[in-house]
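What follows is a set of notes on a single structure, which appears directly below.
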Amino acid sequence: MGKCYLHGNDGISMNFRIIGGTSAPSNPRENDIWVNTETEITAWTFRTTEPDSPTEGLVWFRTGSESAIEFNALKKNMLQVYPRAIKQYNNGAWEDITAQSYQGGAWVDWWDGCLINGNEVYENIVGEWVEVKGTVGIIEWSNDGVLLSYDGAESRHASIYSKNAIELTGFNTLRATITNAISGSTKNMLIGVRTSPTTSVVISEYAAGYTSYSEVPKLEDAEQIVDVDISTLSGSYYVQVGAGVATLQIKKLQLI
Amino acid sequence: MKTIYIDSDFKCHITNETGTYTSVETEIFDGKCDAYIEGYRLVPAGESWTRPDGVVFKGEMAAPWTDYTELDRAQRAYEREQLADAENALTILYGGAV
(Lines give C-alpha, C1' and ligand atoms only; values in the text may rest on other atoms or scores of the structure.)
Protein backbone atom coordinates (compact mmCIF):
# COMPACT_ATOMS: atom_id res chain seq x y z
CA MET A 1 0.00 0.00 0.00
CA GLY A 2 1.39 3.42 -0.88
CA LYS A 3 1.79 6.35 1.40
CA CYS A 4 -1.37 8.25 2.27
CA TYR A 5 -1.51 11.86 3.34
CA LEU A 6 -4.47 14.01 4.27
CA HIS A 7 -3.95 17.63 3.40
CA GLY A 8 -5.67 20.76 2.32
CA ASN A 9 -6.25 24.39 3.06
CA ASP A 10 -9.81 24.32 4.19
CA GLY A 11 -12.04 21.92 6.08
CA ILE A 12 -15.24 22.35 4.10
CA SER A 13 -15.54 18.68 3.07
CA MET A 14 -14.23 17.22 6.28
CA ASN A 15 -15.65 16.17 9.61
CA PHE A 16 -13.41 18.66 11.38
CA ARG A 17 -12.23 22.25 11.17
CA ILE A 18 -8.79 23.72 11.69
CA ILE A 19 -8.84 27.12 13.36
CA GLY A 20 -5.73 29.18 13.99
CA GLY A 21 -5.34 31.94 16.54
CA THR A 22 -4.05 32.72 19.97
CA SER A 23 -7.29 32.10 21.82
CA ALA A 24 -9.63 29.14 21.67
CA PRO A 25 -12.70 29.48 19.42
CA SER A 26 -15.74 30.61 21.38
CA ASN A 27 -18.32 28.36 19.70
CA PRO A 28 -16.48 25.12 19.00
CA ARG A 29 -17.89 22.09 17.26
CA GLU A 30 -16.94 18.46 17.81
CA ASN A 31 -13.49 17.71 16.27
CA ASP A 32 -12.53 21.36 15.91
CA ILE A 33 -8.77 21.67 16.11
CA TRP A 34 -7.57 24.96 17.52
CA VAL A 35 -3.98 25.62 16.52
CA ASN A 36 -2.40 28.05 18.92
CA THR A 37 -0.39 30.25 16.58
CA GLU A 38 0.04 33.87 15.54
CA THR A 39 1.29 32.79 12.11
CA GLU A 40 -1.27 32.49 9.35
CA ILE A 41 -2.04 28.89 8.49
CA THR A 42 -1.62 28.73 4.74
CA ALA A 43 -2.11 24.98 4.46
CA TRP A 44 -2.12 21.87 6.60
CA THR A 45 -1.18 18.24 6.27
CA PHE A 46 -1.61 15.08 8.34
CA ARG A 47 1.29 12.70 7.82
CA THR A 48 3.71 10.54 9.78
CA THR A 49 6.90 12.01 8.33
CA GLU A 50 8.12 15.56 7.88
CA PRO A 51 6.92 17.16 4.64
CA ASP A 52 9.66 17.31 2.03
CA SER A 53 9.09 20.83 0.72
CA PRO A 54 7.18 22.88 3.27
CA THR A 55 5.82 26.31 2.47
CA GLU A 56 5.57 29.19 4.92
CA GLY A 57 2.65 28.80 7.29
CA LEU A 58 2.17 25.08 6.64
CA VAL A 59 0.97 23.21 9.70
CA TRP A 60 2.12 19.62 9.94
CA PHE A 61 0.00 17.38 12.12
CA ARG A 62 2.23 14.39 12.81
CA THR A 63 0.18 11.17 12.91
CA GLY A 64 0.82 7.71 14.28
CA SER A 65 -1.06 4.49 14.85
CA GLU A 66 -2.60 5.66 18.11
CA SER A 67 -3.59 8.96 19.63
CA ALA A 68 -5.35 10.34 22.67
CA ILE A 69 -7.26 12.63 20.32
CA GLU A 70 -8.06 10.36 17.40
CA PHE A 71 -11.00 11.42 15.32
CA ASN A 72 -12.80 10.59 12.13
CA ALA A 73 -11.81 12.97 9.37
CA LEU A 74 -14.69 12.19 7.05
CA LYS A 75 -18.36 11.86 7.67
CA LYS A 76 -19.77 8.32 8.00
CA ASN A 77 -16.67 7.19 9.96
CA MET A 78 -14.58 6.52 6.88
CA LEU A 79 -11.15 7.89 7.76
CA GLN A 80 -9.81 7.59 11.30
CA VAL A 81 -6.90 9.91 11.99
CA TYR A 82 -4.43 9.57 14.87
CA PRO A 83 -2.67 12.88 15.41
CA ARG A 84 0.22 12.91 17.86
CA ALA A 85 2.06 16.21 17.53
CA ILE A 86 2.06 19.49 15.62
CA LYS A 87 4.59 21.83 14.03
CA GLN A 88 4.33 24.89 11.82
CA TYR A 89 6.80 26.03 9.19
CA ASN A 90 7.72 29.61 10.02
CA ASN A 91 10.65 31.71 8.76
CA GLY A 92 12.27 28.72 7.10
CA ALA A 93 12.16 26.37 10.06
CA TRP A 94 9.78 24.04 11.85
CA GLU A 95 8.44 25.42 15.13
CA ASP A 96 6.86 23.40 17.89
CA ILE A 97 3.39 24.80 18.54
CA THR A 98 0.46 23.66 20.61
CA ALA A 99 -3.06 22.69 19.69
CA GLN A 100 -6.23 21.45 21.28
CA SER A 101 -9.08 19.36 19.91
CA TYR A 102 -12.69 19.86 20.92
CA GLN A 103 -13.99 16.41 21.79
CA GLY A 104 -16.84 15.30 24.00
CA GLY A 105 -17.70 18.88 24.90
CA ALA A 106 -14.23 19.87 26.10
CA TRP A 107 -10.89 21.05 24.78
CA VAL A 108 -8.26 18.31 24.90
CA ASP A 109 -4.55 19.13 24.71
CA TRP A 110 -2.45 17.63 21.96
CA TRP A 111 0.57 15.75 23.15
CA ASP A 112 3.80 17.74 22.84
CA GLY A 113 6.07 14.69 22.84
CA CYS A 114 6.97 15.04 26.52
CA LEU A 115 7.57 11.91 28.55
CA ILE A 116 8.77 13.67 31.72
CA ASN A 117 8.38 17.35 32.50
CA GLY A 118 9.02 18.21 36.11
CA ASN A 119 6.53 16.18 38.11
CA GLU A 120 4.37 15.41 35.07
CA VAL A 121 5.03 11.81 34.00
CA TYR A 122 2.57 11.32 31.10
CA GLU A 123 1.13 8.04 32.21
CA ASN A 124 -1.33 8.08 29.33
CA ILE A 125 1.67 7.69 27.00
CA VAL A 126 4.29 5.94 29.14
CA GLY A 127 2.00 3.69 31.17
CA GLU A 128 4.22 4.22 34.15
CA TRP A 129 7.94 4.74 34.72
CA VAL A 130 9.12 1.37 36.00
CA GLU A 131 11.92 1.69 38.54
CA VAL A 132 14.95 -0.57 38.73
CA LYS A 133 17.24 -0.04 41.70
CA GLY A 134 20.29 -1.67 43.18
CA THR A 135 20.35 -2.21 46.94
CA VAL A 136 21.40 1.40 47.60
CA GLY A 137 19.96 2.98 44.46
CA ILE A 138 17.78 6.08 44.80
CA ILE A 139 14.94 7.23 42.55
CA GLU A 140 13.11 10.36 43.62
CA TRP A 141 10.44 12.34 41.79
CA SER A 142 9.81 16.06 42.37
CA ASN A 143 8.93 19.27 40.59
CA ASP A 144 12.51 19.10 39.26
CA GLY A 145 11.86 15.84 37.45
CA VAL A 146 13.48 12.56 38.45
CA LEU A 147 16.69 12.02 40.39
CA LEU A 148 18.67 8.81 39.84
CA SER A 149 21.38 8.39 42.46
CA TYR A 150 22.70 6.17 45.24
CA ASP A 151 23.55 6.22 48.92
CA GLY A 152 25.95 3.56 50.03
CA ALA A 153 28.60 1.24 48.72
CA GLU A 154 26.74 -1.80 47.45
CA SER A 155 24.70 -2.04 44.26
CA ARG A 156 24.70 1.64 43.32
CA HIS A 157 22.36 1.61 40.38
CA ALA A 158 19.13 3.40 39.49
CA SER A 159 17.19 3.40 36.25
CA ILE A 160 13.69 3.94 34.94
CA TYR A 161 12.03 2.64 31.81
CA SER A 162 8.70 3.22 30.14
CA LYS A 163 6.22 0.45 30.81
CA ASN A 164 4.76 1.03 27.35
CA ALA A 165 6.74 0.77 24.16
CA ILE A 166 6.34 4.24 22.69
CA GLU A 167 5.85 4.83 19.00
CA LEU A 168 8.80 6.78 17.64
CA THR A 169 7.72 7.00 14.01
CA GLY A 170 7.99 10.59 12.86
CA PHE A 171 10.12 11.75 15.79
CA ASN A 172 13.77 12.54 15.14
CA THR A 173 15.27 13.12 18.58
CA LEU A 174 14.92 11.96 22.16
CA ARG A 175 15.91 15.07 24.10
CA ALA A 176 16.79 15.13 27.79
CA THR A 177 17.19 18.29 29.81
CA ILE A 178 19.65 17.43 32.56
CA THR A 179 20.31 19.69 35.54
CA ASN A 180 22.94 17.64 37.35
CA ALA A 181 25.22 14.86 36.17
CA ILE A 182 27.93 13.52 38.46
CA SER A 183 29.90 10.38 37.77
CA GLY A 184 33.40 9.09 38.40
CA SER A 185 33.60 7.02 35.24
CA THR A 186 32.41 6.75 31.68
CA LYS A 187 29.23 5.13 30.42
CA ASN A 188 27.68 5.46 33.88
CA MET A 189 24.82 7.70 32.75
CA LEU A 190 22.94 6.59 29.65
CA ILE A 191 19.75 7.69 27.92
CA GLY A 192 18.24 5.85 25.01
CA VAL A 193 15.67 3.58 23.46
CA ARG A 194 15.56 -0.22 23.38
CA THR A 195 13.53 -2.98 21.82
CA SER A 196 13.09 -4.42 25.29
CA PRO A 197 13.90 -2.84 28.65
CA THR A 198 16.48 -4.26 31.00
CA THR A 199 16.10 -4.92 34.70
CA SER A 200 19.83 -5.46 35.09
CA VAL A 201 21.54 -3.45 37.79
CA VAL A 202 24.87 -3.60 35.96
CA ILE A 203 24.96 -0.33 34.05
CA SER A 204 28.14 -1.26 32.18
CA GLU A 205 26.04 -3.79 30.27
CA TYR A 206 23.51 -1.20 29.17
CA ALA A 207 25.22 0.40 26.17
CA ALA A 208 25.26 -2.83 24.19
CA GLY A 209 21.52 -3.31 24.71
CA TYR A 210 20.29 0.05 23.47
CA THR A 211 19.13 0.52 19.90
CA SER A 212 20.13 4.18 20.15
CA TYR A 213 21.70 5.89 23.17
CA SER A 214 23.74 8.81 24.35
CA GLU A 215 26.06 9.01 27.29
CA VAL A 216 25.37 12.00 29.55
CA PRO A 217 28.49 14.15 29.94
CA LYS A 218 29.47 14.99 33.49
CA LEU A 219 28.28 18.49 34.41
CA GLU A 220 27.62 19.34 38.03
CA ASP A 221 24.72 21.61 39.01
CA ALA A 222 24.25 23.07 35.55
CA GLU A 223 21.71 22.52 32.79
CA GLN A 224 22.60 20.67 29.61
CA ILE A 225 20.73 19.14 26.72
CA VAL A 226 21.51 15.57 25.74
CA ASP A 227 20.07 14.35 22.46
CA VAL A 228 19.70 10.84 21.06
CA ASP A 229 19.28 10.36 17.32
CA ILE A 230 16.15 8.31 16.65
CA SER A 231 15.48 9.64 13.17
CA THR A 232 15.87 6.30 11.39
CA LEU A 233 13.72 4.36 13.84
CA SER A 234 10.12 3.46 13.15
CA GLY A 235 7.75 1.52 15.33
CA SER A 236 7.65 1.32 19.12
CA TYR A 237 10.56 1.27 21.54
CA TYR A 238 11.05 1.44 25.29
CA VAL A 239 12.69 4.57 26.65
CA GLN A 240 15.18 3.83 29.42
CA VAL A 241 17.50 6.02 31.48
CA GLY A 242 20.12 4.56 33.76
CA ALA A 243 22.73 5.76 36.25
CA GLY A 244 25.34 3.55 37.87
CA VAL A 245 27.51 4.99 40.67
CA ALA A 246 26.28 8.35 39.46
CA THR A 247 23.85 11.14 40.21
CA LEU A 248 21.60 12.19 37.38
CA GLN A 249 18.80 14.77 37.58
CA ILE A 250 16.47 14.73 34.59
CA LYS A 251 14.19 17.74 34.43
CA LYS A 252 12.56 16.95 31.10
CA LEU A 253 12.46 14.12 28.58
CA GLN A 254 10.83 14.77 25.25
CA LEU A 255 10.41 13.30 21.79
CA ILE A 256 10.94 15.92 19.11
CA MET B 1 35.61 -5.75 22.83
CA LYS B 2 36.35 -5.27 19.17
CA THR B 3 37.97 -2.75 16.89
CA ILE B 4 35.76 -0.98 14.41
CA TYR B 5 36.45 1.99 12.20
CA ILE B 6 34.52 5.22 11.84
CA ASP B 7 34.59 7.55 8.86
CA SER B 8 34.31 11.33 8.81
CA ASP B 9 30.54 11.04 9.23
CA PHE B 10 31.04 8.69 12.20
CA LYS B 11 29.58 5.76 10.27
CA CYS B 12 30.99 2.41 11.38
CA HIS B 13 33.06 0.09 9.20
CA ILE B 14 34.44 -3.37 9.79
CA THR B 15 37.63 -2.66 7.87
CA ASN B 16 39.62 0.47 7.18
CA GLU B 17 39.09 0.10 3.47
CA THR B 18 40.21 3.61 2.55
CA GLY B 19 42.99 3.82 5.08
CA THR B 20 41.51 7.10 6.36
CA TYR B 21 39.10 5.85 9.00
CA THR B 22 39.62 6.18 12.73
CA SER B 23 39.88 3.01 14.76
CA VAL B 24 37.73 2.68 17.87
CA GLU B 25 37.81 -0.03 20.52
CA THR B 26 34.29 -0.70 21.79
CA GLU B 27 32.22 -3.40 23.42
CA ILE B 28 28.84 -2.09 22.31
CA PHE B 29 28.84 -4.25 19.18
CA ASP B 30 29.93 -7.47 20.87
CA GLY B 31 27.95 -10.34 19.36
CA LYS B 32 26.71 -8.23 16.45
CA CYS B 33 27.20 -9.19 12.83
CA ASP B 34 29.07 -7.03 10.34
CA ALA B 35 25.92 -5.85 8.56
CA TYR B 36 24.47 -4.64 11.87
CA ILE B 37 27.64 -2.82 12.86
CA GLU B 38 27.98 -1.09 9.51
CA GLY B 39 24.44 0.28 9.82
CA TYR B 40 25.45 2.29 12.88
CA ARG B 41 26.95 5.66 13.57
CA LEU B 42 29.21 5.93 16.64
CA VAL B 43 30.22 9.36 17.89
CA PRO B 44 33.04 8.94 20.41
CA ALA B 45 33.10 10.81 23.70
CA GLY B 46 34.52 14.30 23.27
CA GLU B 47 33.38 14.59 19.67
CA SER B 48 30.13 15.75 18.14
CA TRP B 49 28.13 15.14 14.99
CA THR B 50 25.70 17.59 13.41
CA ARG B 51 22.70 16.03 11.75
CA PRO B 52 21.59 17.63 8.44
CA ASP B 53 18.70 19.38 10.26
CA GLY B 54 21.21 21.14 12.52
CA VAL B 55 20.76 19.15 15.73
CA VAL B 56 24.13 18.50 17.38
CA PHE B 57 24.78 15.16 19.05
CA LYS B 58 27.64 14.93 21.49
CA GLY B 59 29.51 11.73 22.08
CA GLU B 60 29.37 9.16 23.14
CA MET B 61 26.34 8.43 21.04
CA ALA B 62 25.45 5.34 19.00
CA ALA B 63 22.45 5.21 16.69
CA PRO B 64 21.54 3.46 13.47
CA TRP B 65 21.92 5.61 10.39
CA THR B 66 19.82 3.29 8.26
CA ASP B 67 16.51 1.50 8.73
CA TYR B 68 16.89 -0.41 11.98
CA THR B 69 14.41 -3.11 10.94
CA GLU B 70 16.88 -4.21 8.25
CA LEU B 71 19.74 -4.29 10.76
CA ASP B 72 17.62 -6.29 13.16
CA ARG B 73 16.70 -8.71 10.39
CA ALA B 74 20.38 -9.22 9.52
CA GLN B 75 21.30 -9.75 13.17
CA ARG B 76 18.55 -12.31 13.68
CA ALA B 77 19.69 -14.23 10.59
CA TYR B 78 23.25 -14.14 11.92
CA GLU B 79 22.14 -15.47 15.30
CA ARG B 80 20.20 -18.26 13.63
CA GLU B 81 23.35 -19.23 11.72
CA GLN B 82 25.35 -19.17 14.93
CA LEU B 83 22.81 -21.41 16.60
CA ALA B 84 22.80 -23.83 13.67
CA ASP B 85 26.61 -23.98 13.76
CA ALA B 86 26.55 -24.68 17.48
CA GLU B 87 23.99 -27.42 17.06
CA ASN B 88 26.01 -28.99 14.25
CA ALA B 89 29.12 -28.90 16.43
CA LEU B 90 27.27 -30.61 19.26
CA THR B 91 26.00 -33.28 16.87
CA ILE B 92 29.53 -34.02 15.70
CA LEU B 93 30.88 -34.06 19.25
CA TYR B 94 28.31 -36.50 20.47
CA GLY B 95 28.12 -38.59 17.31
CA GLY B 96 24.59 -37.53 16.57
CA ALA B 97 23.21 -38.04 20.09
CA VAL B 98 22.70 -34.60 21.76
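In this text, all values refer to a predicted model and were calculated from it rather than measured experimentally. Here is how names work: the chains are called A, B, and so on, in the same order as the sequence lines, proteins then strands, and each is numbered from 1.
For B:E25, the CD atom sits in a packed shell: over 12 heavy atoms of surrounding residues, nucleotides or ligands are nearer than 6.0 Å. Within 6.0 Å of the CD atom in B:E17, the count of heavy atoms belonging to other residues, nucleotides or ligands exceeds 12. Around NZ of A:K163, the count of heavy atoms belonging to other residues, nucleotides or ligands within 6.0 Å does not exceed 12.
Rounded to the nearest 0.5 angstrom, B:W65 CH2 and A:S212 OG are separated by 14.0 Å. With values rounded to the nearest 0.5 angstrom, A:T211 atom OG1 is found 10.0 Å from B:L71 atom CG.
For A:Y206, no part sits under 4.5 Å from any heavy atom of chain B, backbone or side chain. If you measure heavy-atom distances from B:F29 to chain A, you find no contacts under 4.5 Å at all. Heavy atoms of B:V43 lying under 4.5 Å from chain A are absent altogether.
Taking 4.5 Å as the heavy-atom cut-off, the residues of residues 233-244 of chain A that approach chain B are A:L233, A:Y237, ordered by number. The contact list for residues 172-182 of chain A toward chain B, using heavy atoms and a distance under 4.5 Å, reads A:N172, A:T173, A:R175 by residue number. For residues 183-197 of chain A, heavy-atom neighbours of chain B at less than 4.5 Å comprise A:K187, A:T195, sorted by residue number.
Under the 3.5 Å distance criterion, the side-chain polar atoms of A:Y210 are left unmatched by any main-chain donor or acceptor of B:A63.
If you tally non-hydrogen atom pairs under 4.5 Å between each of A:I230, A:D229, A:I225, A:V228 and chain B, the highest count goes to A:D229. Between chain B and the options A:V226, A:D227, A:V216, A:T232, heavy-atom pairs under 4.5 Å are most frequent for A:T232.
Residues satisfying the ring pair (Phe, Tyr, Trp, His ring centres under 6.0 Å) test with A:Y161, not counting sequence neighbours, are none.
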